[in-house]
Amino acid sequence: MKLHRLLLASWCILLTIGCNKEDDLEGIFAGKIWHLAGFYSTTDWDNPNMGTPINDYNSHNDLTAYNIELMVDGIAVVTLPEGCQLQGRWEADGKNRTFSFSEWKTVTGDPKRLTKFGKQMYDELLKVSYYQGDSNYIRLFDGSRRYFMQFGDLSKFKK
């Protein structure tokens with residue numbers, strides 16, 4: 001009888017662990033600096049690898065110009081070109097894969113003076129509603145889930 005109880009308890013624990021379909025938000029987002037890799041459109045949210053590049057910022061010549069740092073305490077620090085830095089809050093739901101930024105404030109520079117990729121990244125950050133990704137990359141989607149920015153872990157770009 002003790003063996004049956006032990007097996008039942010083990011099975012329940014495994015079932016509980018196996019049924020958790022929520023993402024590890026801290027493992028995915030926090031503690032890294034995310035570098036912009038590009039802007040993409042897709043017609044298939046479930047398979048964004050079929051996405052079409054809109055503006056592909058993969059030159060990586062200036063690794064400090066287009067980054068997001070997401071901290072465990074919910075603070076987001078965004079570094080954009082021309083000395084512009086923003087700070088806000090980020091929030092994600094690992095079950096529904098929703099993602100949002102709020103409470104933006106300018107730390108340095110002027111977002112209204114941004115050009116090209118800086119302006120595009122700033123404008124798109126205000127529209128982020130969903131995410132996909134893991135500890136190597138994240139994709140931040142707009143509300144329609146047809147457009148996304150892709151970011152890679154900055155440490156992977158450094159040589």
(request) Report yes or no: does T108 contribute a side-chain atom to a donor-acceptor pair with the main-chain N or O of G83 at less than 3.5 Å? (result) yes
(message) If you count heavy atoms of other groups shown closer than 6.0 angstrom to CD of E91, is the number above 12?
(response) no
(request) Check the angle between the aromatic planes of W45 and Y130 and answer parallel, tilted or perpendicular using the 30° and 60° thresholds. (result) perpendicular
(request) Quick one: pull up CD1 in I28 and CZ in R97 and give me the separation to the nearest 0.5 Å. (result) 7.5 Å
(message) Once rounded to the nearest 0.5 Å, what's the spacing between atom CZ of F141 and atom OH of Y147?
(response) 11.5 Å
(request) Look up atom OH in Y137 and atom OG in S135, then write down how far apart they are to the nearest 0.5 Å. (result) 10.0 Å
(message) How close do L86 and V107 get, counting heavy atoms only, and between which atoms?
(response) C-CG2, 4.1 Å
(request) State, with a plain yes or no, whether a side-chain heavy atom of P111 is found less than 4.5 Å away from one of L80. (result) no
(request) Kindly compute the distance separating CH2 (W34) from CD (Q150), expressed to the nearest 0.5 Å. (result) 10.0 Å
(request) Taking all non-hydrogen atoms of both residues into account, name the closest pair between Y131 and A92 and its distance. (result) CE2-CB, 4.4 Å
(request) Please round to the nearest 0.5 Å and tell me the distance separating atom CD of Q120 and atom OG1 of T115. (result) 11.5 Å
(message) Looking at every heavy atom in both F101 and A76, which two are closest together, and how far apart are they?
(response) CE2-CB, 3.8 Å
(message) Does R89 have more than 12 heavy atoms from other residues, nucleotides or ligands lying within 6.0 Å of its CZ?
(response) yes
(request) Start with the C-alpha gap between L140 and E124, add the side-chain angles, then the distance that decides, and say whether side-chain contact (heavy atoms from CB on, under 4.5 Å) holds. (result) CA-CA 9 Å; L140 299 178; E124 295 307 319; over 6 Å; no
(message) Count I, L, V, M, F, W, Y as connected when their side-chain heavy atoms are under 4.5 Å apart, and connections chain through other members. Are I75 and L126 then in the same cluster?
(response) no
(request) Side-chain contact test, heavy atoms from C-beta onward, threshold under 4.5 Å: evaluate it for W90 versus V128 and give yes or no. (result) no
(request) Check whether any side-chain heavy atom of R113 sits under 4.5 Å from a side-chain heavy atom of C84, and report yes or no. (result) no
(message) Would you say Y122 ends up clustered with L70 if hydrophobic residues are merged whenever their side chains have heavy atoms under 4.5 Å apart, either directly or through other cluster members?
(response) yes
(message) Taking the side chain as everything from C-beta on, heavy atoms only, tell me whether I138 gets closer than 4.5 Å to F99.
(response) no
(message) Return the CZ to OH distance between F151 and Y66, rounded to the nearest 0.5 Å.
(response) 11.5 Å
(message) For a 4.5 angstrom cut-off between non-hydrogen side-chain atoms, does V78 reach I68?
(response) yes
(request) Please assess M121 against L114 for the test side-chain contact (heavy atoms from CB on, under 4.5 Å), listing each intermediate value before the final yes or no. (result) CA-CA 10 Å; M121 184 173 157; L114 292 169; over 6 Å; no
(message) Taking the basic N atoms (NZ, or NE/NH1/NH2) and the acidic carboxylate oxygens, is any pair closer than 4.0 Å for D142 and R146?
(response) no
